[in-house]
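All ligand and atom numbering here is 1-based and tracks the order in the structure.
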Amino acid sequence: MIQTRRQLILEILLNIIKMSQILIIKNKIKKFNKTILVSGDKSLSIRWVLLASQAIGKSKSYNLLMSEDVLAALDCIKRLGIKVNIRKGHCEIIGNGINGFKYKKNLVLNAKNSGTLGRLLLGLLIKSPQKIKLIGDKSLSKRDFSRVTLPLSKFGAKFYYKTNNKLPLTILGSQSVKGIQYLEDKGSAQCKSSIMLAAINALGTTSIKARKSRNHSELLFKYLKIPIKIRKTKKYDFINIEKPKKIKAFNYKIPGDISSSAFFMVLTTLSTNSKLLIKGVNINSSRIGIIIILKKMGAKILLKNQRNYRGEKISDILIKSSNNLKSINCPSELNSSAIDEFLIIFLAAAKAKGISYFKDIAELNQKESPRLKWGSKILNMMGIKTELTKNSIKIYGQPDLKITKSITIKNYLKDHRVFMMSTIAALTFGGQWKIHDKDSINTSFPSFLKIIKKIKNKSL
Ligand code: S3P
C-alpha cells in the first residue's frame, strides 16, 4: 500500500517534470528591432578544452560555452587528472603537457551527447597505458565511431566494442606511436581533428588528405606553433603534422557561435518588418554556408565590423526581414560549411517561392538525430510537401502558409537543433505548438529561450 502511494507520488512528480519540459507556443512573434549576443562557439570551446589539457601550465578562456557538451569535455579532462577551475568570467585549465594525463585503472569517460567530444578525445588517448571506457547518452550511443577508431587503430591503439562500432567502447593505447597517412573522405571535421590530435603524440609525420570541412583545429595548431603544413586544392586539403616539443599555455576568447546565430537569422528573415543585430559572431569561411545559402534565397544579411582573432574571422551580423524568398538548388560544395544549419535552412525553404533542392546530405542522418528525416517530418506536419531520399530532399515552398492546427514535437532523441528549429517554425508560421524536452537546448545553447524572450518582450 505504502509502496503504491509512493509510486503514485513519483508518477505525479515525473509528470510535473515532463510538463514543465514542454514549450507551448500559440502566437507568432511580433515585429522586433533588437541587438543580441549569442553564446560561445561550441567547436572552438571543445577544442580549447582539449588543447589546453595538452599545454604546459595555466590556460584561460573567456566566453567559453557553458553548455552540457563543453561541461562534459571539462569533466573528461578532470577525470584524466587535469586541473580545471571555473572562475567568475573565465575558465582555467592547468595542463601537464602532451599526454600528461594521470588516472587510475577502470576509468570511464562520458562524452554525453557530444560526437565532437567523443571523437576528438579518442585522438588524445592513443597512448593511454591502461584501458579507458568511453560512454555516451542514448543519442551518441546510436552514432558510428568506426569513422575514427579505424584510422586511430593505424597508430597502434586498440579498440573494443560491445556492439558494432557504437558506444560504449574501450580504448587501449600503444607506447610506440608513429605518424600515419589518412584519407578523410566524408568532409568530417570531427574525423580530421581526431587524427590531428593523435598526430601530436606520434613520431614522424602524419599526413592527412581531407575533404573540405571546418578548419578551427588547423588555425589553433598554427596559433600554438604545432608544426603543421597545409596545401589546399579545390576539393581537398593536404595536411602534414609533426609532433611538437611542447604546447605553451594559451588564453583564448571564444567568439559567438554561427550555428546558434543561424536560428535568429532565419527567425528575423521570416518575420515581418523586423531587424536584428547579432554581435561578435565567428564567420570563419568554413562555417558561413548558412549566410551564403540564405543570401542566395534573397535574405537581407549584412556583415559589419569584421575583424580577425588568432586566425578566425569575427563579425557583427545585421539581418532584416525579407518577404520574398526564392527557392534554391543548393550546390553541394556548400554542404560542409552549413552542415549543422540544414534544419533551419529547410524552414527558410518552406517559406520560399518554388521548389528547393538539397542533395548529397546523407551525413545529416548521422547527427544527434536522423536530421534529414526529422526536417522532412516537421515540414510535413506543417503542411509542406517534401520528397525525401537517403541523401536529398526537395521542399515545396509555400510563401503564404499560415498554420492554424496543433503540432506536437516529441521523441526526437532530444536533438537540440530539432527543438530550436521547431521553436522558430512556431514563431514564424503560427499554429499551436507543443514542443517537448525543453532541456535539449542545454547541449549547445542554454540561453536560447532567454534570448527569444528578450527579442519578444520589447517589440517595436
Ligand atoms: C563539428 C563537426 C561537425 C558538426 C559538429 C561539430 C566539429 O561534425 O556537425 O556539430 O566541431 O568538428 P562532422 O565533422 O562529423 O561533420
Requested in this report: Would you please indicate if the ring centroids of Phe264 and Phe448 are separated by under 6.0 Å?
Outcome: yes

Query - Selection from Lys367, Arg143, Arg417 by shortest heavy-atom distance to atom 8 (O) of ligand 1 - result: Lys367

Report summary line: Ala189 heavy atoms within 4.0 Å reach ligand 1 at atoms 12 (O), 14 (O)

Requested in this report: Indicate, as side chain, backbone, both or neither, the part of His216 found under 4.0 angstrom from ligand 1 when only non-hydrogen atoms are considered.
Outcome: neither

Requested in this report: Name the closest protein heavy atom to atom 6 (C) of ligand 1, giving the residue it belongs to and the distance to 0.1 Å.
Outcome: Thr116 OG1, 3.3 Å

Query raised in the report: Going by atom types only, do Ser193 and Arg47 share a side-chain donor-acceptor pair under 3.5 Å?
Result: yes

Report task. Specify side chain, backbone, both or neither for Arg47, according to which of its non-hydrogen atoms lie closer than 4.0 Å to ligand 1. Result -> side chain

Query raised in the report: Short list, please: which atoms of ligand 1 are under 4.0 Å from a heavy atom of Ser43?
Result: 6 (C), 7 (C), 11 (O)

Query - Donor-acceptor side-chain pairing of Thr389 and Ser392 below 3.5 angstrom - result: yes

Query - Qualifying ring pair (Phe, Tyr, Trp, His ring centres under 6.0 Å) pairs with a residue from residues 295-316, counting only residues at least two apart or across chains - result: Tyr252-Tyr309

Query - salt bridge (charged side-chain N to carboxylate O under 4.0 Å, His left out) pairs, two or more places apart, involving residues 177-204 - result: Asp185-Arg211, Lys192-Glu218

Report task. Run the contact test for Lys186 against ligand 1 with a 4.0 Å cut-off on heavy atoms, strictly below, and give the result. Result -> no

